[in-house]
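Letters A, B, ... mirror the listed sequences (proteins, then strands); counts begin at 1.
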2 protein chains.
Amino acid sequence: MRVPQHLVDRRREELRSLIRRDGFLPVAEICRRLGVSEATARRDLVAVEANGHITRTYGGALADYNSAFASLDERSGRARPAKARIAEKAVAQIPRSGTIFLDAGTTIQAVARALTHRRDLTHLVVATNSLAAASVLAGAAGVELHVVGGMFLNRQAALMGTRAVRALEDWSFDAAFLSGEGMDDAGVSNSHESIAEFQRAVLHQTDNIYFCLDASKLGRSTPHRVAPWKQLTALVTDALPKQLTTHGIELSSRKHLRA
Amino acid sequence: MRVPQHLVDRRREELRSLIRRDGFLPVAEICRRLGVSEATARRDLVAVEANGHITRTYGGALADYNSAFASLDERSGRARPAKARIAEKAVAQIPRSGTIFLDAGTTIQAVARALTHRRDLTHLVVATNSLAAASVLAGAAGVELHVVGGMFLNRQAALMGTRAVRALEDWSFDAAFLSGEGMDDAGVSNSHESIAEFQRAVLHQTDNIYFCLDASKLGRSTPHRVAPWKQLTALVTDALPKQLTTHGIELSSRKHLRA
DNA sequence: CGTTATATGATTGAGGTCAATCATATCTTT
DNA sequence: AAAGATATGATTGACCTCAATCATATAACG
């Protein structure tokens with residue numbers, strides 16, 4: 001009765017995608033669709049659940065709500081502790097009330113998650129174009145959550161484009177927390193034009209600009225420049241000041257750096 | 001053993017708020033928290049569910065539109081096959097390309113899910129204010145997904161408010177698929193002012209208006225009227241025409257009804 | 001105050017899910 | 001080619017949820 005391993009793997013991949021597509025899949029349905037017994041269906045469920053983004057429930061399995069945005073799960077990846085430290089520092093800059101903007105990206109998603117741990121928020125208005133950040137902040141105490149509309153970009157799980165830029169005109173932010181893919185002597189940069197353009201639009205509406213980048217972005221130059229150093233209120237990073245200077249990044253003021 | 005009526009009512013109100021707060025409440029937990037037997041807990045659940053916005057599931061009860069359980073909510077209860085049938089009919093009205101709007105609500109979420117089963121879409125622009133629908137449609141083949149920004153309402157997992165209404169001004173839809181909580185002789189209605197207001201704004205930008213309601217909404221009147229029958233292109237429902245007329249709902253044209 | 005209505009808890013049985021066990025076929029490894 | 005490993009399906013019993021039923025205490029009502 002044994003079946004080749006690669007067929008098992010393929011069947012489980014199919015099971016995962018079936019669950020993702022249907023949202024919920026009863027065990028009986030799995031048996032029918034995959035042509036296996038209940039026992040095997042359950043065993044497959046255990047295996048698929050262990051790989052993440054699927055939750056077993058009584059009677060079947062459920063796709064996690066965020067599974068559509070799984071590509072941007074900030075809890076995975078090597079830079080996780082670094083991101084958590086950065087998020088900690090960034091959240092410390094957020095007042096109890098006011099209006100802030102949260103960008104897309106895994107680092108900022110970590111900021112959003114850290115923000116939910118704050119128990120002292122009175123009435124903080126948070127706007128974001130990141131659906132991942134939004135799903136993290138949904139229902140957070142003391143937070144009035146707004147989503148800046150726009151075209152959905154699958155890769156970032158974020159909303160961008162001309163409609164997003166136009167929607168920003170309505171806003172005025174006390175602070176914005178942005179991510180970048182590179183920082184060098186010239187400032188912060190990103191690899192996609194649409195992202196850079198959107199971020200520049202955010203800068204126009206914002207008093208205090210915090211860029212959050214982990215040390216791996218050090219000295220890296222990506223095509224689309226977003227902001228020069230002077231424009232930043234602070235750079236939030238886990239890199240040491242010495243590392244920054246050796247990479248040719250000038251530190252005009254101690255205030256600009258929260259490492 | 002009988003308990004005063006006002007105490008029963010108060011206990012059920014508390015139960016409702018407990019469910020709303022926790023999103024999901026197992027029966028055992030209800031017994032513990034309210035100090036009643038399982039039998040009473042179930043009876044209370046039946047009563048609370050009848051009053052709306054709560055859905056019983058195997059093992060407990062679920063607050064409607066809870067984002068964390070969006071998928072589970074959609075498939076839960078005996079209304080699932082009805083919703084699936086409605087979704088099937090609604091999706092049949094959607095062309096291969098064009099621009100459509102999808103509302104919030106579990107019925108429309110089912111429409112979104114059914115839409116992902118369509119394999120013939122060439123370039124369909126879908127705008128929505130529902131994050132649940134967005135997460136379903138994220139990455140769907142042939143779909144350009146847009147999210148209409150606004151204030152996030154936790155209960156609906158949707159975006160509403162003045163910013164959402166204003167964002168609609170940019171749009172022109174070939175068709176819109178909307179949900180309602182009641183339909184009677186006067187037309188379709190909803191129980192929340194913000195929802196009704198938003199839906200009215202959608203109507204202004206839309207050529208063909210499809211309201212999707214299951215038969216349980218029949219003859220039910222909720223406070224905020226959204227649209228009279230004349231304004232609809234079609235009502236998509238699983239109720240029989242005879243049922244509609246006996247509930248005092250006029251059928252001006254066969255074309256208006258896809259049951 | 002007496003009668004009626006009903007909210008409650010206990011019990012029962014039906015229906016369903018699930019983990020554990022076991023024999024078996026067959027893939028995998030040596 | 002032989003031995004070992006393992007994926008599978010059938011079976012079993014435990015466990016849980018739930019609706020229905022019943023007796024009872026007590027609120028509600030005339």
From CG of A/L7 across to P of C/dT28 the rounded distance in Å is 9 Å
The helix from C/dC1-D/dG30 to C/dT30-D/dA1: angle between terminal helix axes, five bp per end, to the nearest 10 degrees, reads 40°
Applying side chain to side chain contact (heavy atoms under 4.5 Å, CB included) to B/A41 and not counting sequence neighbours gives B/V27, B/I30, B/C31, B/V36
Residues passing the ring-ring contact (aromatic ring centres under 6.0 Å, His included) test with B/F173, sequence neighbours excluded, are B/F101, B/W171
Walking DNA chain D from its 5' end, the first of B/R43 and B/P4 to be reached, judged by nearest nucleotide, is B/R43
With sequence neighbours left out, the residues meeting side chain to side chain donor-acceptor pair (under 3.5 Å) with B/R2 are none
So the contacted stretch of DNA chain D, first to last nucleotide with an atom under 4.0 Å from a non-hydrogen atom of chain A, runs from D/dA5 to D/dG9
Item checked: Side-chain donor or acceptor of B/S189 paired with backbone N/O of B/T222 under 3.5 Å -> yes
Residues passing the side chain to side chain donor-acceptor pair (under 3.5 Å) test with A/S179, sequence neighbours excluded, are A/D103
Separation of C/dG16 atom C1' from A/R56 atom CZ, nearest Å, is 15 Å
Discussion item. Would you say B/Q5 places a side-chain N or O within less than 4.0 Å of OP1 or OP2 belonging to C/dT6?
Written reply: no
Across all chains, not counting sequence neighbours, the side chain to side chain donor-acceptor pair (under 3.5 Å) partners of B/R118 are B/D120
Residues 136-152 of chain B side chain polar contacts: donor-acceptor under 3.5 Å, at least two apart:
from, atom 1, to, atom 2, distance (Å)
B/E144, OE1, B/H123, NE2, 2.9
B/E144, OE2, B/H146, NE2, 2.7

Residues at least two apart in sequence or cross-chain that pass side chain to side chain donor-acceptor pair (under 3.5 Å) with A/R42, listed by chain then number, are A/E38
Result for 5'-nearest mapping on DNA chain D, choosing between B/R42 and A/V8, is A/V8
